Amino acid sequence: MAVFENIERDALTKLYNLSYFQNNADEWIDSALKNGNHVTVFYLNICGFRSYNRMYGFQAGNTLLRRLSNVLMTEFSDGFLARNMADQFIGAVTDKDVQEKFERIHENMHLLQHNTVLELLTGLYEVLSPDELNNPDCISEFLDNSYAAMKYIYDKPNVNTYWFDEKLKKEAEIKNYVTENVDRAVENGWIKTYYQPCIDIHTGKLFQYEALARWEDPEYGLLTPDKFIPYLENEYEVYKVDFAVLENACRKINELYSTREEPVPISFNLSRTDFESCDVVGRIQEISDKYAVPKYLLHAEITESAMNGDTDIIKNAIEELHNIDIEVWMDDFGSGYSSLNILKDYQFDVIKMDMVFLKNFDERSENIISAVTDMNKKLGFRTLVEGVETKEQRSSLKSIGCDIAQGYLFSKPLPYEEIKELKFQNNNAS
Ligand code: C2E
Ligand code: CA
Ligand code: CA
């Protein structure tokens, strides 16, 4: 009996464990619905639990988890409750006042812990009919939905519980759709490349375009990258989009050569997962050779956060890209935990400063941009500032000594046929 219990229960909290929940929740929900109950699937997360553990030790962390489980068991005594992992709890409950209960638990968190008051975030999903249980993946879907509701309020102050709603439903639908249809999208040419100009801040002339992905879907219309890039990154499939974007750009450069127009350089985005999914440098070489594009016209943008974790793979790729004459630009510098080590250990050609610095542009941010620009100069990197929206920003960046600017002041990303009509001349530079 004891052995059996260990298989289905979480040792610390004595709640069910995830696999037991996943295998049995459908039966539980089915019978609850048939007995005329409302059923809500919840996903609860303790924010900042890791630092709590670090600050007060694992023992205190475990005590908190046990206390919280006891509260859940008391509040939802008829529920089917489980611990997902570390600081996350899941469950199916029949209480009509489920939201009020979670809010009360959140308000009373100070009773369970040391001085800090940890935030609880709970996502709720209501299962409306037994028909929803016909799908063999239904429990994972219910959990995904309540998780999406929880994640939605992550950065919203003063909201601690949230119901999965129509807006999140649409997002979840698109998420499933894009992960299932990425191959079709590439084959059918639904992945389009939009171009945003980057301007030489001293001359006001076009320096290059950044190639940005858009998914023109026959069913969902124009999808911006936030609707597909993160989901494809999770599935390690974003390289399919990245190389489709690059291929479109190389095809365009080839076309321009054939009409004797002078092509401008193009930067393209690479995700960290690309380096784990395929031979990035090989693919770039293959595509640029196919369209006879000189390598010096291509700049690879790699985001700052890609430098975390196993870095050898990225370091080698940067070296290989340099060996074949492709510039490597660091994207989003300053958006995460910028480590100066990155600037010490990696050789970049351009540092793209994240647009957060221009969001509330004041003397402090101007000083930061100025100091980073000076440091980049000493290290031999050029500085690009993203998110330039006003003439004032442009002129102060010019006096600071930044090299390149990108932002809506010059243009938003557009299809090539539209962007080529915009002329960037000296007289734009003032
Ligand atoms: P990013 O690489 O930092 O690209 C710049 C984003 O900032 C673009 O959004 C652009 O439209 C927006 N932006 C440019 N200037 C301004 C401005 O002045 N103000 C404001 N508020 N925004 C500005 P977009 O095209 O929606 O792309 C968002 C992100 O999606 C990109 O950020 C990049 O991280 C990712 N992404 C886009 N295309 C690709 C791709 O082909 N591959 C990969 N892996 N990621 C991509
Ligand atoms: Ca970029
Ligand atoms: Ca960026």
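Predicted model only: the values in this text are computed from it and were never measured. Just so you know, ligand 1 is whichever comes first in the structure, and atom 1 is the first atom listed for that ligand.
With a 4.0 Å heavy-atom cut-off, ligand 1 is reached by no atom of Asp226. Both the backbone and the side chain of Ala213 come within contact range of ligand 1, each with a heavy atom under 4.0 Å. Using a 4.0 Å cut-off between heavy atoms, Leu409 makes no contact with ligand 1 at all. Here Ile229 has side-chain heavy atoms under 4.0 Å from ligand 1, and that is the only part of it that gets that close. Under 4.0 Å from ligand 1, not a single heavy atom of Gln406 appears. Residue contacts with ligand 1 for Glu210 involve side-chain atoms from C-beta outward but no N, CA, C or O (heavy atoms, distance under 4.0 Å). No part of Lys412 comes within 4.0 Å of ligand 1, judged by heavy-atom distances.
Cation-pi contact between Lys169 and Phe164: absent, since separation from the ring centre below 6.0 Å together with deviation from the ring axis within 45° is not met. Geometric assessment of Lys377 against the ring of Phe381 yields a negative cation-pi assignment under the 6.0 Å and 45° thresholds. Taking the centre and axis of the six-membered ring of Tyr346, the NZ or CZ atom of Lys315 falls inside the cone set by 45° and 6.0 Å.
The side-chain heavy atoms of Leu384 and Trp329, taken from C-beta on, include a pair separated by under 4.5 Å. Residues Glu366 and Ile400 form a side-chain contact, since some pair of their non-hydrogen atoms from C-beta on lies under 4.5 Å apart.
Numbered from 1 in the order shown, with element, the atoms of ligand 1 that lie under 4.0 Å from a heavy atom of Val388 read 18 (O). When each atom of ligand 1 is checked for a heavy atom of Asp332 under 4.0 Å away, the hits are 3 (O). Counting the atoms of ligand 1 from 1 in the order shown, those under 4.0 Å from a heavy atom of Met355 are 7 (O), 12 (C), 13 (N), 20 (C), 22 (N), 23 (C). Of all atoms in ligand 1, listed by their number and element, those nearer than 4.0 Å to a heavy atom of Gln196 are 10 (C), 14 (C), 15 (N).
Distances from atom 13 (N) of ligand 1 to the protein include at least one heavy-atom value under 4.0 Å. Taking a distance limit of 4.0 Å, we find that atom 44 (N) of ligand 1 is approached by some protein heavy atom. Protein heavy atoms come within 4.0 Å of atom 19 (N) of ligand 1.
Side-chain atoms of Gln347 and His322 include no donor-acceptor pair closer than 3.5 Å.
Residue-environment remark: NZ (Lys151) stays at or below the threshold of 12 foreign heavy atoms within 6.0 Å. Counting heavy atoms of neighbouring residues, nucleotides and ligands inside a 6.0 Å radius, atom NZ of Lys378 does not exceed 12 of them.
Closest to atom 24 (P) of ligand 1, if we only count protein heavy atoms, is Pro225 CG, 3.8 Å.
Under the 6.0 Å cut-off for aromatic ring centres, Tyr43 and Tyr147 qualify, their centroids lying closer than that.
Here the angle at the Ca ion (ligand 2) defined by OE2 in Glu210 and OE1 in Glu301 stands at 90°, rounded to 10 degrees. The OD1 atom of Asp331 and the OD1 atom of Asp332 meet at the Ca ion (ligand 3) at an angle of about 90°, given to 10°.
Relative orientation of the Tyr52 and Tyr56 rings is tilted, given thresholds of 30° and 60° on the angle between their planes.
Taking backbone and side-chain atoms together, Asn269 has an N/O/S atom less than 3.0 Å away from the Ca ion (ligand 2).
Here the rule is ring-ring contact (aromatic ring centres under 6.0 Å, His included) with Tyr152, and of Tyr125, Trp163, Tyr162 only Tyr162 fits it.
Note that CE of Met355 is 11.0 Å distant from CD of Gln393, once rounded to the nearest 0.5 Å.
Distances from the Ca ion (ligand 3) to each N, O or S atom of Glu386 single out OE2 as the nearest.
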